[in-house]
Structure formats: C-alpha cells, structure tokens
Amino acid sequence: MGKIDKNKIEAAIGLLLEGIGEDKNRPGLKETPARIARMYEEIFAGVCENSESHLEKTFIVENNEMIVEKDIVFYSVCEHHLLPFFGKAHVAYIPDGKVVGLSKLARTVETFCRRPQLQEQLTHQIATAIMRHLAPRGVMVVIEAEHLCMTMRGIKKPGSQTITTVIKGAFADDERLQNTFWRMVKM
C-alpha cells in the first residue's frame, strides 16, 4: 500500500502556484498548500487501503438469486489530468452459497474510487475483487460517469456520460441475466 506524504503535497502545490504565476504567500493562497494536502489525504485514502478487505466477511445463504446494489454514487480523480469524475456504479452478483453485507459492496467501490483512477480500470477492479473474494456464479458491474477532464477543458461537453461495463461468469453466458440486470437498474 502507498503512503500519503502531506509535506510533499504542500511543496508541490507551492511550486504549482508559482508555476502558474501566483504568489503562494498572498493571503488568499498562503494556507492553500496545507488545505490541499488535507483534501488529498481524504480523496486519495484508497491508495493506503486494502480495497478487498470489505469483502472478507461473508454469510452463508441458501438463496442464490441475483443481488443488485444500484446507484452507488461515487467521486474519483482521473489519473491522466487529476480532475474529478463522478457518477453511479451498479453492481450485481449471483451468489454461490455466500453473500457479503450490502454496505460492503459500496465500500469496495468507494475504496477503489479513492485513488488516481481510470473509469475502465475501476469497473474491472470492482468486478475482479468480487469474483476473487465471493466466488459467485457471476458478476456484472456498470459505471456511468461524467469526467471534468472532458467537460470543463478540452472538448468541453458538459453532461456527457461515459458508461463502462464488466461482465463475468454466468452473466457473460446468459443474455437473460444481463437483460434482468438492465431492467433492474433502468439506465
């Protein structure tokens, strides 16, 4: 796991302010490097966490029907531009005798989001973690997000959504299961 070094962040932000032609010691900016270091400690906390630890405690069940946790709101930071992207994650799995507490799915999403990230990678990481720790019959993860690197700069298309999907196991083999999932999340 990584470690967040607030002193290095403060120094880097001071250089950044100087680089854009600002006076880092003027009243409005004097505390900005420390403020950003504290913010980065929060929004990049996933760098220091074992993202899969939330999936370790499971419960035995007899019902092996699809479980869907939808509309998990998240915020992350694009690793290419260090600008936010945000949206909703929809996670489904078909248990094979064991389940995890529902909040644990959202916690898994959150931990992966709190790292410099790519949406495509994020979607894959969530699905892979669930497959590895729960060994379900199948997993389907869909993420829909708006990227500020695309809406506030560059092409400047506010409101555009990127949708990524990872389908594993029984979902990949059964279009009926996929369709049931899509109806449940109604995207």
*Could you name each residue pair satisfying side-chain hydrogen bond (donor to acceptor under 3.5 Å, both in side chains) that touches residues 70-80, not counting sequence neighbours?*
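Residue pairs passing side-chain hydrogen bond (donor to acceptor under 3.5 Å, both in side chains), neighbours aside: none found.
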
*Are L17 and I9 connected, step by step, through hydrophobic side chains (Ile, Leu, Val, Met, Phe, Trp, Tyr) whose heavy atoms are closer than 4.5 Å?*
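Yes, because L17 and I9 connect within a single hydrophobic cluster, where side-chain heavy atoms sit under 4.5 Å apart.
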
If you measure from [atom1] on [X] to [atom2] on [Y], what distance do you get to the nearest 0.5 Å?
{"X": "I94", "Y": "M140", "atom1": "CD1", "atom2": "CE", "value": "10.5 Å"}
{"X": "R38", "Y": "E10", "atom1": "CZ", "atom2": "CD", "value": "8.0 Å"}
{"X": "F44", "Y": "L82", "atom1": "CZ", "atom2": "CG", "value": "5.5 Å"}
{"X": "I72", "Y": "R107", "atom1": "CD1", "atom2": "CZ", "value": "12.0 Å"}
{"X": "L105", "Y": "I67", "atom1": "CG", "atom2": "CD1", "value": "8.0 Å"}
{"X": "R183", "Y": "T180", "atom1": "CZ", "atom2": "OG1", "value": "4.5 Å"}

If every non-hydrogen atom of [X] is compared with every non-hydrogen atom of [Y], which pair is closest and at what distance?
{"X": "R35", "Y": "G28", "value": "NH1-O, 4.5 Å"}
{"X": "E146", "Y": "G159", "value": "OE2-N, 3.3 Å"}
{"X": "G97", "Y": "N64", "value": "N-OD1, 2.8 Å"}
{"X": "V142", "Y": "W182", "value": "CG2-CH2, 3.6 Å"}
{"X": "I13", "Y": "P33", "value": "CG2-CA, 3.8 Å"}
{"X": "K156", "Y": "M152", "value": "CE-O, 3.9 Å"}

*asked:* Looking at E52 and R132, is any side-chain nitrogen of the basic one under 4.0 Å from a carboxylate oxygen of the acidic one?
replied: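 Looking at R132 and E52, the cut-off is met.
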
*Describe, in one word, how the ring planes of F85 and H147 are oriented to each other, choosing from parallel (under 30°), tilted (30 to 60°) and perpendicular (over 60°).*
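Judged by the thresholds at 30° and 60°, the geometry between F85 and H147 is parallel.
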
If you define the side chain from C-beta out and look only at heavy atoms, does anything of [X] sit under 4.5 Å from [Y]?
{"X": "F74", "Y": "I143", "value": "yes"}
{"X": "H81", "Y": "L148", "value": "no"}
{"X": "V91", "Y": "I126", "value": "yes"}
{"X": "V68", "Y": "Y93", "value": "no"}
{"X": "L29", "Y": "E22", "value": "yes"}
{"X": "E110", "Y": "H54", "value": "no"}
{"X": "I130", "Y": "P136", "value": "yes"}
{"X": "N179", "Y": "R176", "value": "no"}

*Between H133 and E56, is any side-chain donor less than 3.5 angstrom from a side-chain acceptor?*
no

With no hydrogens and no angle check, is any side-chain donor or acceptor of [X] less than 3.5 Å from a backbone partner on [Y]?
{"X": "Q117", "Y": "F112", "value": "yes"}
{"X": "R137", "Y": "A170", "value": "no"}
{"X": "S160", "Y": "K157", "value": "yes"}
{"X": "R114", "Y": "E42", "value": "yes"}
{"X": "T111", "Y": "T108", "value": "no"}
{"X": "Q119", "Y": "T162", "value": "yes"}

_Pair K6-Y40, side chain to side chain contact (heavy atoms under 4.5 Å, CB included): steps then yes or no_ = CA-CA 8 Å; K6 291 194 321 190; Y40 277 9; over 6 Å; no

*Test log, rule side chain to side chain contact (heavy atoms under 4.5 Å, CB included), inputs V100 and L134*: CA-CA 8 Å; V100 68; L134 298 182; 3.8 Å; yes

*Just jot down the salt bridge (charged side-chain N to carboxylate O under 4.0 Å, His left out) partners of E18, sequence neighbours excluded, or say none.*
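Salt bridge (charged side-chain N to carboxylate O under 4.0 Å, His left out) list for E18, sorted by chain: K24.
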
